[in-house]
Structures are given as structure tokens and as C-alpha cells.
Amino acid sequence: MSETYELKAEAREQVGKGSAREVRRNGKVPAVIYGDKQPPLAIALSYKDIFYKIHGGGFLTTVATIDVGGKKIQVLPKDYQLDPVRDFPLHVDFLRVGANTEVNVQVPVHFINEEKSPGIKRGGTLNIVRHEVEFHCPANAIPEFITVDLDGTDIGDSIHISAVKLPKGVKPVISDRDFTIATIAGTSASKSEEGAAEGGETAEA
């Protein structure tokens, strides 16, 4: 799980497009904290803080603490809007995180031991089907990423979610099938080499 962080915010008494525009004019980003059976809370955050958090990676999978006038609220960023042209943050939605809060999140997939894959050594290529996988898990135990080990994989192999060791309490949202995360695909060169090798063996026999 990514390291948690804290943001300072101001409560907003007014909401709506006019209020949001005014907040942005003052160099801040409008946001809303909702969930945990409490009324939504409109806030304004430092533009600089939010910009660097969003573009720094892991924003939607890291629990944060927001200090609103001395009251500290644990949250998980759920969504954000960026200016379509300039990538400026325009608005952020945060979900309150309680002791038993569970969430659905997209978690990145990391691959290791490509150098130990016989298929890749023979010219095969790693074909990534899913760069991220959606999981249901406790909000305070979101994995930063999941790891797929390619050790021993060969051309034609498929790596399914069942082959990945997941942390306790972390379950794939797709539960009705053992879906594919990646395959080791053969290139035309590696296939022709295989054919030549087989032909050679036949000739020798």
C-alpha cells in the first residue's frame, strides 16, 4: 500500500458552478467528501498539492487524511476531473474511510522475471491483456500493485488471475471466471525457428 499523506483544506459554505469557479480563481481546487453515512462536505484544497498528488501516481489507491479546520478525516480519492486541454485539476471526489469501509479500486499489474521466461528468451513477447485489475478490498489495505511472476513461462502460456498471490482480503471484482492477465505470444521469427528445429530433428531421424 502506498504511504498515506495529509492535506489541509478549507470548508466551503457555498456549492455550485459559480462557487467552484471562484475557488479556482483563488488558486484552489473544489472538492467533496462523502460517504460513511454522513452528509457531503464541500471543501477547497491547495491547487499545487492536488496537482502533484494526481500526477505523481497512485492517487486513487492511497488513503489520505484531510485536515478541515483542525478536524482530520480519513478519505480515499474516488474520482477527479482534469481540464481536457491543460490537465489542470478541476474537481475531486473523496470517499470517507471508516474502520470497515471496503472499496472497488483499479490496481496496476507489475511483471517480474522476464529474463527467466524460456518463451521470452526464445523470441516470444509478453502480451499484456490487463495493465490494471479491479479489486474489492478494505480501504485501509489497498495493494499498491499486484505482481505477476514470469519465471518458467513459455510461448503459448497464459497467465490467469488464479496464478497471482493476492494479499488477504483482496478479491477480484470479476469473480465468475479465471480471467487472463497476460500471454506469452510467439513472433513469426520464433515460430519459423521452431519449425526449422522440428524439420531438422525429422531429417536427422
Discussion item. I'd like to check Arg12 versus Val32 (side-chain heavy atoms, cut-off strictly below 4.5 Å). Are they in contact?
Written reply: yes

Worksheet item: Just wondering, do Leu82 and His55 contact through their side chains at under 4.5 Å, heavy atoms?
Response: yes

Worksheet item: Is there side-chain contact between Leu95 and Val75, with at least one heavy-atom pair below 4.5 Å?
Response: no

Item to complete: Can you measure from CD (Gln74) to CG (Asp36) and round to the nearest 0.5 angstrom?
Response: 10.5 Å

Worksheet item: Side chains of Leu166 and Pro172: does their closest heavy-atom pair fall under 4.5 Å?
Response: yes

Worksheet item: So, Asp49 side chain and Leu45 main chain: donor-acceptor pair closer than 3.5 Å or not?
Response: no

Worksheet item: If you take all heavy atoms of Thr61 and Leu76, which pair is closest and at what distance?
Response: C-CD1, 4.0 Å

Discussion item. Quick test of your reading of the model: are Asp67 and Lys8 salt-bridged, counting only N-O distances below 4.0 Å?
Written reply: yes

Discussion item. Less than 4.5 Å apart, side chain to side chain, heavy atoms only: is that true for Val170 and Pro143?
Written reply: yes

Discussion item. Whether the side chain of Thr4 engages the backbone of Val63 through a donor-acceptor N/O pair (distance < 3.5 Å, no angle test) should be reported.
Written reply: yes

Worksheet entry | pair Leu7-Thr65: side-chain heavy atoms closer than 4.5 Å | no

Worksheet item: Yes or no on side chain to side chain contact (heavy atoms under 4.5 Å, CB included) for Ile159 and Val129, after CA distance, side-chain angles and deciding distance?
Response: CA-CA 10 Å; Ile159 300 109; Val129 179; over 6 Å; no

Worksheet item: What distance do Ile161 atom CD1 and Phe179 atom CZ have between them, rounded to the nearest 0.5 Å?
Response: 4.0 Å

Response to the item:
Distance col, row Lys53:NZ vs Tyr5:OH, nearest 0.5 angstrom, shows 6.0 Å

Discussion item. Looking at Thr153, is its backbone amide N or carbonyl O close enough to the side chain of Ser117 to form a donor-acceptor pair, meaning the two atoms are under 3.5 Å apart?
Written reply: yes

Practice prompt. Could you tell me which residues satisfy side-chain contact (heavy atoms from CB on, under 4.5 Å) with Ile112, sequence neighbours excluded, listed by chain and number?
Written response: Thr147, Asp149

Worksheet item: Looking at residues at least two apart in the chain, or sitting in another chain, which of them share a ring pair (Phe, Tyr, Trp, His ring centres under 6.0 Å) with His110?
Response: Phe145

Worksheet item: Are the side chain of Arg24 and the backbone N or O of Pro30 linked by a donor-acceptor pair below 3.5 Å?
Response: no

Discussion item. Walk me through whether Leu41 and Arg96 qualify under side chain to side chain contact (heavy atoms under 4.5 Å, CB included).
Written reply: CA-CA 10 Å; Leu41 174 63; Arg96 280 188 188 89; 3.8 Å; yes

Practice prompt. Please round to the nearest 0.5 Å and tell me the distance separating atom CZ of Arg130 and atom CD1 of Ile146.
Written response: 10.0 Å

Practice prompt. Identify the heavy atoms of Asp83 and Val85 that sit nearest to each other, and give their distance.
Written response: OD1-N, 2.8 Å

Practice prompt. Check whether any side-chain heavy atom of Asp79 lies under 4.5 Å from a side-chain heavy atom of Val92, and answer yes or no.
Written response: no

Discussion item. Give me the atom names and distance for the closest heavy-atom approach of Tyr47 to Gly27.
Written reply: CB-O, 3.1 Å

Worksheet item: Can you check whether Phe59's main-chain N or O pairs, donor with acceptor, with Thr62's side chain at less than 3.5 Å?
Response: no

Worksheet entry | Asn100 atom CG, over 12 foreign heavy atoms within 6.0 Å | no

Discussion item. Measuring from atom CD1 of Ile142 to atom CG of Asn140, what distance do you get when rounded to the nearest 0.5 angstrom?
Written reply: 8.5 Å

Fill in: Gap between atom CG of Asn127 and atom OG1 of Thr183 - 0.5 Å precision
3.5 Å

Fill in: Tyr80: which of Ile50, Leu90, Leu60 passes side chain to side chain contact (heavy atoms under 4.5 Å, CB included)
Leu60

Worksheet item: Side chains of Leu126 and Ile128: closer than 4.5 Å at any heavy-atom pair?
Response: yes

Discussion item. Assess the residue pair Thr125 and Ile120 against the criterion (side chain to side chain contact (heavy atoms under 4.5 Å, CB included)); give the C-alpha distance rounded to whole Å, side-chain angles, the decisive distance to 0.1 Å, and a yes or no.
Written reply: CA-CA 6 Å; Thr125 54; Ile120 292 175; over 6 Å; no

Discussion item. If you count heavy atoms of other groups shown closer than 6.0 angstrom to OH of Tyr52, is the number above 12?
Written reply: no

Fill in: Asn26 side-chain N/O to Val23 backbone N/O, donor-acceptor pair under 3.5 Å
no

Item to complete: Decide side chain to side chain contact (heavy atoms under 4.5 Å, CB included) for Asp93 and Tyr34; before the verdict, give the C-alpha distance in whole Å, the side-chain angles of both, and the deciding distance to 0.1 Å.
Response: CA-CA 8 Å; Asp93 287 331; Tyr34 66 94; 4.0 Å; yes

Item to complete: Flag the pair Lys121 and Glu115 as a salt bridge only when some basic side-chain nitrogen lies within less than 4.0 angstrom of an acidic carboxylate oxygen.
Response: no

Fill in: Distance-only side-chain donor-acceptor flag, Thr180 / Ser158, under 3.5 Å
no

Worksheet entry | Heavy-atom closest contact (Asp154 atom, Asp157 atom, distance) | N-OD2, 2.7 Å

